[in-house]
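Heads up: the structure comes next, in structure tokens.
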Amino acid sequence: MSGPLDTGALTGLRVIEMGQLLAGPFCGQLLGDMGADVIKVEPPGKGDPMRDWGQGDEKVQWEVIARNKRSVTCNLRVPEGQEIARQLIKSADVLVENFKPGTLEKWGLSPDDLLRDNPGLIVARMSGYGQTGPYSTRAGFGGIGEAMGGWRYIVGDPDRPPARMGVSIGDTLCATYGCMGVLAALHHRDKTGEGQVIDTALYEAVLQVMEGLVPEYDRSGFIRERSGSILPGIAPSNVYSCKDGPFMIGGNGDAIFARLAKAMGRLELAEDDRYATHLARGANQTELDNMINAWTATLTIEEVDALMIEHSIPAGRVYTAKDMLDDPHFQAREAIIEVETQQRGKLKMQNTFPRFSKTNSGIRRAAPAYPGQHNAEVFGSVLGWDEQTLAENVEQGFL
């Protein structure tokens, strides 16, 4: 743990997290990082499949997404387990779930019923296509939402099939919008006492960050295509090759480009009609990028970086995880911290975010080591169970 249990802007808020893998759990992580008491409900046995996710020799992704959470088990497929979940939710401020639409209703846990028991409850629902509409009952993963929301079509090189990011961006975007919805709903509840349901869909979360993609087509019939490492018309802004690796330069903007031309020892470029203005540079983007790349190829990353700093040009190294751990700026801001985990010992991971001047977020709890680690603690304090009641529920397969 890196801090006391009573820190964060959401201290005192109880969240029940139901669901698995990424969207619901990432929403729970965000709320927990800001101080909420997140009680994660896992199925008995293996628990959330995220426990086995990640790359490398050890699967450690769970240690990030389950931090600041307590784990309980509950068999939601039997009526007794559903009633236990109902009692937990009755004590909560927020329910986060990312089951297929209709699943809560099938279990007798529809939001309407839950809100009758707990009128101030906020229910954040995350799914592939939303709770309504002709596609709502379809199964949906993040990658499908990225494809439907327009992301996949425009990512990659133009002569190759659509590519993807190396992370599950559809899930995390949906979860982030779900978290935003919870915070807005809390504000509404503070004024009215009313809870409500938040409906977030993977494809709509992706759609929100697609900038002008839809109105560009609506107005002029323009369809954005894959453009590799550039944004068409925004130049120069690309990754260029140095002697010892790639380097990112964002030299678009007339004044910035003039400084870049000076840094290159090519002051005449800033006066050249082909490059002097934003529109001109966009029209000659490939030629300009090739010229800059020919220049960077004669220098090391360190040499180009020094010139960019000297001339105040937005630029930077293309970081790997190793680069992040070695970087003094990451260290100074504690963007990456070391957490004492229960299963892996000390483990470096990204810190909580964003930063607050008054209500510090932090990693108060390491990820639960096994499903149901906090059964006695949670069911005892929240539902008033004694050891015998807990043991009986375990024996009967309800937990």
Just by distance, with hydrogens left out, do [X] and [Y] show a side-chain donor and acceptor under 3.5 Å apart?
X      : Y      : value
Asn375 : Thr73  : yes
Glu83  : Gln87  : yes
Asp113 : Ser110 : yes
His188 : Gln196 : no
Gln388 : Glu392 : yes
Glu287 : Tyr275 : yes
Glu17  : Gln29  : no

Validation row, ring centre Phe99 to ring centre Trp107 under 6.0 Å: yes
Less than 4.0 Å between a side-chain N and a carboxylate O, is that true for [Y] and [X]?
X      : Y      : answer
Arg364 : Glu340 : no
Arg224 : Glu216 : yes
Asp112 : Arg116 : no
Lys262 : Glu268 : no

Less than 4.5 Å apart, any side-chain heavy atom of [X] and any of [Y]?
X      : Y      : answer
Lys346 : Val339 : no
Pro368 : His374 : yes
Val38  : Arg70  : no
Ile16  : Val41  : yes
Ile363 : Asn68  : yes
Asp327 : Met324 : no

Among Lys40, Gln342, Lys69, the one residue meeting side chain to side chain donor-acceptor pair (under 3.5 Å) with Gln373: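 That would be Gln342.
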side-chain contact (heavy atoms from CB on, under 4.5 Å) between Ile249 and Val304, worked out: CA-CA 10 Å; Ile249 298 175; Val304 177; 4.3 Å; yes
Shortest non-hydrogen separation from Ile198 to Ala185 and the atoms involved: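 So the minimum-distance heavy-atom pair works out to CD1-CB, 4.0 Å.
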Nearest heavy atoms of Pro354 and Ser361, plus distance in Å: O-OG, 4.3 Å
Just checking [X]: does its [atom1] atom have more than 12 heavy atoms from other residues, nucleotides or ligands closer to it than 6.0 angstrom?
X      : atom1 : value
Lys46  : NZ    : no
Tyr319 : OH    : yes
Arg355 : CZ    : yes
Asp273 : CG    : no
Phe330 : CZ    : yes

Worked verdict on Asn238 versus Ser229 for side-chain contact (heavy atoms from CB on, under 4.5 Å): CA-CA 6 Å; Asn238 207 340; Ser229 63; 2.7 Å; yes
Thr7 and Asn360: CA distance, side-chain angles, deciding distance, side-chain hydrogen bond (donor to acceptor under 3.5 Å, both in side chains) verdict: CA-CA 6 Å; Thr7 60; Asn360 290 330; over 6 Å; no
Given Val96, Leu88, Ile39, Leu76, the one that forms side-chain contact (heavy atoms from CB on, under 4.5 Å) with Met18: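 One option only clears the test, and that one is Leu76.
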Asp323/Arg317 under side-chain contact (heavy atoms from CB on, under 4.5 Å): CA gap, chis, key distance, verdict: CA-CA 9 Å; Asp323 298 320; Arg317 302 165 190 256; over 6 Å; no
Residue pair Ile84, Phe379: steps toward the side-chain contact (heavy atoms from CB on, under 4.5 Å) verdict: CA-CA 9 Å; Ile84 292 168; Phe379 292 125; 3.6 Å; yes
Lys NZ or Arg CZ of Arg138 over Tyr135 ring: under 6.0 Å, within 45°: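 The answer is yes; both the distance and angle limits are met.
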Cation-pi check, Arg226 onto Tyr153 ring (under 6.0 Å, within 45° of axis):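 Because its charged atom sits under 6.0 Å from the ring centre and within 45° of the axis, Arg226 does stack over Tyr153.
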